[in-house]
A.B. asks: 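Before anything else, here's the structure in question.
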Amino acid sequence: MTDGERPNLLFIMSDDHAAHAISAYGSRINQTPHLDRIAANGMRFDAAFCTNSICSPSRASILTGTYNHVNGVTTLDTTLDNTLWTFPQALQEAGYVTGLIGKWHLGHGPGADPAGFDFWRVLPGQGHYTNPVMLEEGGTVVERAGYVTDLITEDCIDFIDEHGDRPFALFCHHKAAHRHWEPAARHFTAFDDTDIPEPETFWDDLEGRAEVIKAVKMHMMDLDPITDLKALVPEGLTREEEIEWRYQRYIKDYLRVVAAMDEGIGRLLDKLEADGLSDNTIVVYTSDQGFFLGDHGWFDKRLMYEESLAMPLLIQYPAQVKAGSTCDDIVVNVDFGPTLLDLMGVEIPDDVQGRSFAPLLDGERPEDWPESMYYRYWMHRDGEHNTPAHYGVRTKTHKLICYYNDPLDQLGANGPTDPIEWELFDLVNDPLELRNVIEDPGYATVRGELEAELAWLQAEVGDEPYPGAEL
Ligand code: CA
């Protein structure tokens, strides 16, 4: 490709934004008109999954195109070795001007600072919603006045102003919608006059699920009234009323921070249009993982249940992607980098584990496209959420999860080791994952097939089964 033919990339990634809080995905609780523009102009992926549902590991998988046992970022306490190959660095080497603005969350300082970017300005760790400090090359501290989502948006607009005349790859990484969900002042009263509907599984009693799932500390009652809900619990509520009150406090702030982000994304899309760049720019919207929005009574992520496993993924690229199209083939976060390199005419190294799904964007499904995906969460009992270490397989119709329940000396994982437990869900007849059928004799054949698929996937990606974890 010549410079004139090379597409630009605007890669927008948010934090903890679940697909079911995007109206293009049929949200029952909010409207996201600008994200919907990307869906209307491009393709919506309905089966995009992360391979480990927490921030740093998913980000590492996206950048390196590898699973966490390969790139080493297994938990929130691990950092990304910045000498590893990443796809932004490949774009830079291919002549793109590259920029990263916003959340990094893969470590700081020599060995861990962002690499492969001509310009970067990132939040330290999680950063702050208001008046955030940001870091640049060499550890330079930049003090910013304003609301983080707006500042990231404005920096991205400045980057396009400065570099829009040559092929660019810009990574806009929002802090939103991460805990503690602090809205912009203009959204303080949004949703005040309405009750947000509770999800269908809000009162799930978790009967029949693994014991370690029943012990997870991600319930409405585990939210901190002061830091998360910014209020004192009203006196005189029954337990049920308090749970409902907590949900409203939580979800409204969540949706308020999403609203600011959606506005910012609209400004970026307007900027591309105003500068005549829309036709030749690939616009990606995703989030590092999904999130529980009261589903099963929970907030947060980490588990292999659908709301946490699923990533929103919208891709607009008029030259190649049909407007208003959808795709229900399984794609995973390790595939993102190779796909974009493929679209941008840059070579994909052999040791990248992900596979380009550019043909799916063309509406062409390769005959051997995967029918399943592999997931692994390493951070056993992190000390706060009490989520168990597990791995599993999801096909288009079923999900098998092995809670092997061992910290395995992973940074940030803790004991004790719990007995191994299994869950099996029939996603066709039980899409809400309410009935664990692992012991159901009617599922013996499916169970055997999924167990074989899991073993095959582990061998395929080079991961090791947990000793003694056989059904
Ligand atoms: Ca996240």
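Because the structure is a prediction, the values reported are computed rather than measured.
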A.B. asks: Once side-chain contact (heavy atoms from CB on, under 4.5 Å) is applied, do any residues pair with His20, and if so which ones, sequence neighbours excluded?
C.D. replies: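 His20: side-chain contact (heavy atoms from CB on, under 4.5 Å) contacts with Ala18, Leu293, Asp295, Glu307.
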A.B. asks: May I have the step-by-step check of side-chain hydrogen bond (donor to acceptor under 3.5 Å, both in side chains) for Gln410 and Thr75, ending in yes or no?
C.D. replies: CA-CA 7 Å; Gln410 294 291 308; Thr75 70; 5.6 Å; no
A.B. asks: Measure from the ring center of His390 to the ring center of Tyr375 and say whether it is less than 6.0 Å.
C.D. replies: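 Yes: the rings meet the under 6.0 Å criterion.
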A.B. asks: Do Ile265 and Tyr285 come within less than 4.5 Å of each other through their side chains, counting heavy atoms only?
C.D. replies: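 With C-beta onward as the side chain, the pair touches.
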A.B. asks: Supply the atom-to-atom distance Thr130 OG1 to Tyr147 OH, rounded to the nearest 0.5 angstrom.
C.D. replies: 7.0 Å
A.B. asks: Working note: Leu313 + Val284, criterion side-chain contact (heavy atoms from CB on, under 4.5 Å); need CA distance, chi angles, decisive distance, verdict.
C.D. replies: CA-CA 7 Å; Leu313 179 63; Val284 178; 3.9 Å; yes
A.B. asks: What distance do Glu93 atom CD and Thr98 atom OG1 have between them, rounded to the nearest 0.5 Å?
C.D. replies: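 It is 10.0 Å, given to the nearest 0.5 Å.
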A.B. asks: Identify the residue among Phe299, Trp298, Tyr250 that makes a ring pair (Phe, Tyr, Trp, His ring centres under 6.0 Å) with Phe292.
C.D. replies: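 The option that passes is Trp298.
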A.B. asks: Within the 4.5 Å heavy-atom criterion, are Asp15 and Arg59 side-chain neighbours or not?
C.D. replies: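 Counting from C-beta outward, Asp15 and Arg59 do come under 4.5 Å.
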A.B. asks: Which atom pair, heavy atoms only, marks the closest approach of Ser56 to His105?
C.D. replies: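 In terms of heavy atoms, the two residues are closest at OG-O, 2.9 Å.
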A.B. asks: Measure across Trp181 and Asp253 and return the closest heavy-atom pair with its distance rounded to 0.1 Å.
C.D. replies: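 In terms of heavy atoms, the two residues are closest at O-CB, 3.3 Å.
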A.B. asks: Run the salt-bridge test on Asp440 and Arg435 with the 4.0 Å N-O cut-off and return the result as yes or no.
C.D. replies: no
A.B. asks: Work out which heavy atom in Arg355 is nearest to a heavy atom in Pro370; give both atom names and the distance.
C.D. replies: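 Nearest heavy atoms, Arg355 then Pro370: NH1-CD, 4.1 Å.
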A.B. asks: Would you say the ring centroid of Phe425 lies under 6.0 angstrom from that of Tyr305?
C.D. replies: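 They qualify: ring centres under 6.0 Å apart.
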A.B. asks: Can Arg179 and Glu384 be counted as an ion pair, charged N to O under 4.0 angstrom?
C.D. replies: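 Looking at Arg179 and Glu384, the cut-off is met.
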A.B. asks: Locate the shortest heavy-atom distance separating Tyr25 from Phe45; write the atom from each residue and the value.
C.D. replies: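 In this case the closest contact between Tyr25 and Phe45 is OH-O, 2.6 Å.
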A.B. asks: With the threshold set at 4.0 Å, does a side-chain nitrogen-carboxylate oxygen contact exist between Lys301 and Asp16?
C.D. replies: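 A salt bridge links Lys301 with Asp16.
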A.B. asks: Does His69, at its NE2 atom, have more than 12 non-hydrogen atoms belonging to other residues, nucleotides or ligands within less than 6.0 Å?
C.D. replies: yes
A.B. asks: Return the minimal non-hydrogen interatomic distance between Met311 and Asp288, and the atom names on each side.
C.D. replies: CE-O, 3.6 Å
A.B. asks: Counting C-beta onward and ignoring hydrogens, is there a side-chain heavy-atom pair between Asp228 and His180 closer than 4.5 Å?
C.D. replies: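 Asp228 reaches His180 side chain to side chain.
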A.B. asks: Between the side chains of Arg394 and Glu306, is the shortest nitrogen-to-carboxylate-oxygen separation below 4.0 Å, so that they form an ion pair?
C.D. replies: yes
A.B. asks: Near Glu136 CD, under 6.0 Å, is it more than 12 heavy atoms from other residues, nucleotides or ligands?
C.D. replies: yes
A.B. asks: Are Phe291 and Tyr254 close enough that their ring centres sit under 6.0 Å apart?
C.D. replies: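 Here the rings of Tyr254 and Phe291 have centres that are less than 6.0 Å from each other.
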A.B. asks: A quick test of your reading: do over 12 heavy atoms of other residues, nucleotides or ligands sit less than 6.0 Å from CD of Glu439?
C.D. replies: no
A.B. asks: Test your reading of the model: is there a side-chain donor-acceptor pair from Thr286 to the backbone of Pro312, 3.5 Å cut-off?
C.D. replies: yes
A.B. asks: Would you indicate whether the side-chain heavy atoms of Asp195 and Gln248 approach each other to under 4.5 Å?
C.D. replies: yes
A.B. asks: Establish, from distance only, whether the side-chain atoms of Glu453 and Ser372 form a donor-acceptor pair under 3.5 Å.
C.D. replies: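 Glu453 vs Ser372: donor-acceptor pair found between side chains.
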A.B. asks: A side-chain contact here means heavy atoms from C-beta on lying under 4.5 Å apart; do Trp369 and Phe357 qualify?
C.D. replies: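 Yes, at least one pair of side-chain atoms sits under 4.5 Å.
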A.B. asks: Nearest 0.5 Å please: distance from the CG atom of Asn414 over to the NE2 atom of His380.
C.D. replies: 8.5 Å
A.B. asks: Test side-chain hydrogen bond (donor to acceptor under 3.5 Å, both in side chains) on Ser23 and Asp36 and set out the steps.
C.D. replies: CA-CA 7 Å; Ser23 36; Asp36 293 4; 2.6 Å; yes
A.B. asks: Is there a donor-acceptor pair under 3.5 Å between the side chain of Gln89 and the backbone N or O of Ala115?
C.D. replies: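 The answer is no, because no donor-acceptor pair under 3.5 Å joins these two groups.
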A.B. asks: Given Lys396 and Asp328, is the side-chain contact (heavy atoms from CB on, under 4.5 Å) satisfied, shown in steps?
C.D. replies: CA-CA 9 Å; Lys396 284 189 162 184; Asp328 63 1; 4.1 Å; yes
A.B. asks: When you look at Leu63 and Leu106, which way does the side-chain contact (heavy atoms from CB on, under 4.5 Å) test go after all the steps?
C.D. replies: CA-CA 11 Å; Leu63 291 169; Leu106 286 163; 3.6 Å; yes
A.B. asks: Counting N and O atoms only, with roles assigned by atom type, does the side chain of Asp222 sit under 3.5 Å from a partner on the main chain of His219, one being a donor and the other an acceptor?
C.D. replies: yes
A.B. asks: First locate atom CG of Leu76, then atom CG of Leu411, and finally report the distance between them rounded to the nearest 0.5 Å.
C.D. replies: 11.0 Å
A.B. asks: Specify the closest pair of heavy atoms between Ala21 and Thr32, including all atoms of both residues, with the distance to one decimal.
C.D. replies: O-CG2, 3.7 Å
A.B. asks: Does Trp422 reach the side chain of Arg447, with side-chain heavy atoms less than 4.5 Å apart?
C.D. replies: no
A.B. asks: Between Thr66 and Trp85, does a side-chain contact (heavy atoms from CB on, under 4.5 Å) hold up when you go through it step by step?
C.D. replies: CA-CA 10 Å; Thr66 59; Trp85 179 93; over 6 Å; no
A.B. asks: With sequence neighbours left out, write down each residue that passes side chain to side chain donor-acceptor pair (under 3.5 Å) with Thr149, or none if nothing qualifies.
C.D. replies: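 Scan of Thr149 (side chain to side chain donor-acceptor pair (under 3.5 Å), adjacent residues dropped) gives none.
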A.B. asks: If you define the side chain from C-beta out and look only at heavy atoms, does anything of Leu341 sit under 4.5 Å from Ser356?
C.D. replies: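 SC-SC contact between Leu341 and Ser356 ruled out.
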A.B. asks: Picking from Asn333, Asn52, Val332, what satisfies side chain to side chain contact (heavy atoms under 4.5 Å, CB included) with Ser61?
C.D. replies: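 With Ser61 as partner, Asn333, Asn52, Val332 yield a single side chain to side chain contact (heavy atoms under 4.5 Å, CB included), made by Asn333.
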A.B. asks: Could you give the distance from CD (Glu207) to CG (Asn436), rounded to the nearest 0.5 Å?
C.D. replies: 11.0 Å
A.B. asks: Distance only, no hydrogens: is a donor on one side chain within 3.5 Å (strictly under) of an acceptor on the other, for Asp463 and Tyr374?
C.D. replies: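 Per modelled atom types, Asp463 and Tyr374 side chains form a pair under 3.5 Å.
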A.B. asks: Distance-only, no hydrogens or angles: does the Asp382 side chain make a donor-acceptor pair with backbone N or O of Asn386 under 3.5 Å?
C.D. replies: yes
A.B. asks: To the nearest 0.5 Å, how far apart are CD in Glu182 and NZ in Lys175?
C.D. replies: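 The distance works out to 7.0 Å.
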A.B. asks: Using a strict 4.0 Å threshold on nitrogen-to-oxygen distance, state whether Arg246 and Glu242 make a salt bridge.
C.D. replies: yes
A.B. asks: Can you find a side-chain donor-acceptor pair between Thr201 and Asp204 that sits under 3.5 Å?
C.D. replies: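 No, no side-chain donor-acceptor pair sits under 3.5 Å.
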